[in-house]
2 protein chains.
Amino acid sequence: MNEARLLSLLEALRAKGRVTTARRALLESLSHSDRHRTAEDLADDVRAAFPAVHRATIYRSLEALTEMGLIEHTHLGHGPAVYHLAEGAHHHLVCEACGAVIEAPATVFEDLSRGLRLACGFEVTSRHFAVMGRCRTCAELAAARLTAGRSGG
Amino acid sequence: MNEARLLSLLEALRAKGRVTTARRALLESLSHSDRHRTAEDLADDVRAAFPAVHRATIYRSLEALTEMGLIEHTHLGHGPAVYHLAEGAHHHLVCEACGAVIEAPATVFEDLSRGLRLACGFEVTSRHFAVMGRCRTCAELAAARLTAGRSGG
DNA sequence: GTAAGTGCAAATGATTTGCAGATGT
DNA sequence: ACATCTGCAAATCATTTGCACTTAC
């Protein structure tokens with residue numbers, strides 16, 4: 001979805017390590033969708049174009065790209081880790097009712113960071129973390145159900 | 001560390017399900033230390049007293065106690081999930097330098113919850129989540145190192 | 001040419017599951 | 001008595017590792 005970004009990522013990759021099929025394909029896959037993808041998703045994606053790429057290589061490449069600062073990952077609740085390009089801080093609101101993953105407004109988390117620094121000297125470094133809860137739709141649904149239950153006895 | 005709490009937990013357990021050796025031992029272990037324990041830690045602990053209790057039973061019991069609302073768990077970064085008694089909201093600040101797990105002041109997270117509700121209608125339900133960063137000590141150390149590096153050329 | 005990267009298969013760590021038998025209420 | 005729990009072993013899911021071979025630079 002962003003050819004220019006992909007090119008600059010490849011440039012950064014070349015500056016910090018070797019450009020290989022697996023790494024190029026991973027960056028391409030990650031820059032073509034702004035979803036949060038699991039290693040398995042990415043493996044499928046890469047293998048569609050290059051069937052020879054092994055799952056282990058996916059994991060090793062993801063680790064390498066992470067060390068180079070090109071990508072990042074988060075642990076959303078139980079399942080596998082999700083990866084995405086390192087494009088500045090953003091945080092995940094995970095709806096436990098419908099599974100939606102919402103990008104949270106940055107400002108709210110800036111306040112959190114400032115609050116923690118003031119309160120206990122803790123410096124937040126993770127630029128990605130997940131908060132579980134209910135999205136607006138599911139929250140309203142739950143509220144409606146409660147009301148119905150109350151009137152129904 | 002809190003016999004009264006343990007008794008009330010067992011009472012709550014009896015009200016919602018069966019009181020078994022594994023469940024009792026788990027609650028006892030969890031109420032005797034306020035650490036965050038992995039399932040494996042707890043298994044060791046329980047098996048010290050009751051060697052016959054199987055690992056699978058630990059997981060099933062933890063799941064059951066969670067459904068009853070008596071305990072909760074969080075995923076701290078990579079490793080296994082950590083469990084603790086459900087004693088009101090508290091959040092984890094994990095220092096990625098020294099591994100310390102700090103209990104965060106509740107107020108900061110109340111602000112976060114309110115902010116998310118106002119900004120996008122998201123209702124935070126998880127009463128436990130982890131934020132990665134650097135504790136005061138490690139943050140100061142890192143700052144000092146930066147300063148030293150600058151003067152050192 | 002050479003170190004870095006890869007394929008493969010097998011190991012690991014955490015957690016889950018099917019089923020037959022034991023146990024709490 | 002009867003559903004609920006448990007023990008066991010094996011399955012599963014996500015990820016890692018050792019080693020010989022290949023490739024990017």
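Within every chain, numbering begins at 1; the chains are lettered A, B, ... in the order of the sequence lines, protein sequences first and strands thereafter.
Salt bridge annotation for B:K16-B:E67: absent, with no cationic side-chain nitrogen under 4.0 angstrom from a carboxylate oxygen. Salt bridge absent: A:R47 and A:D44 never bring a charged side-chain N and a carboxylate O closer than 4.0 Å.
With the nearest nucleotide of DNA chain D identified for both A:R55 and B:H54, B:H54 has the one nearer the 5' end. For the pair B:A39 and A:K16, nearest-nucleotide mapping onto DNA chain C gives the more 5' position to A:K16.
For B:R117, the side-chain hydrogen bond (donor to acceptor under 3.5 Å, both in side chains) partners are B:E123, not counting sequence neighbours.
Of the possible donor and acceptor atoms, one in the side chain of B:D41 sits under 3.5 Å from a partner among the backbone N and O of B:T38. Judged by distance alone, the side chain of B:H54 and the main-chain N or O of B:A56 form a donor-acceptor pair under 3.5 Å.
Separation of atoms OG1 (B:T137) and CZ (A:F122) is listed at 11.5 Å; rounding is to 0.5 Å.
Checked by distance alone, A:R24 brings no side-chain donor or acceptor within 3.5 Å of a matching partner on the base of C:dG5. The base of C:dG7 sits with one of its N or O atoms less than 3.5 Å from a complementary donor or acceptor on the side chain of A:R60.
For B:F50 and D:dG7, the CZ to P distance is 11 Å, given to the nearest whole Å. With rounding to whole Å, A:L65 atom CG is found 10 Å from C:dG5 atom P. Rounded to an integer number of Å, the gap from B:E67 CD to D:dT4 P is 13 Å.
Backbone-only engagement by B:A81 is indicated by non-hydrogen atom pairs under 4.0 Å involving sugar-phosphate atoms exclusively. Nucleic acid contact class of B:A22 (heavy atoms, under 4.0 Å, all strands): sugar-phosphate only.
Distances shown here put a side-chain N or O of B:Y59 below 4.0 Å from the OP1 or OP2 atom of C:dT15. Between A:S61 and C:dG5 there is no side-chain polar atom (N or O) within less than 4.0 angstrom of OP1 or OP2.
Between B:R134 and A:T125, the side chains place no donor N or O within less than 3.5 Å of an acceptor N or O (distance only, hydrogens not considered).
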Per-nucleotide protein contact string for nucleotides 20-25 of chain C, where B marks a base within reach and S marks sugar-phosphate only (heavy atoms under 4.0 Å, - for neither): ---BBS
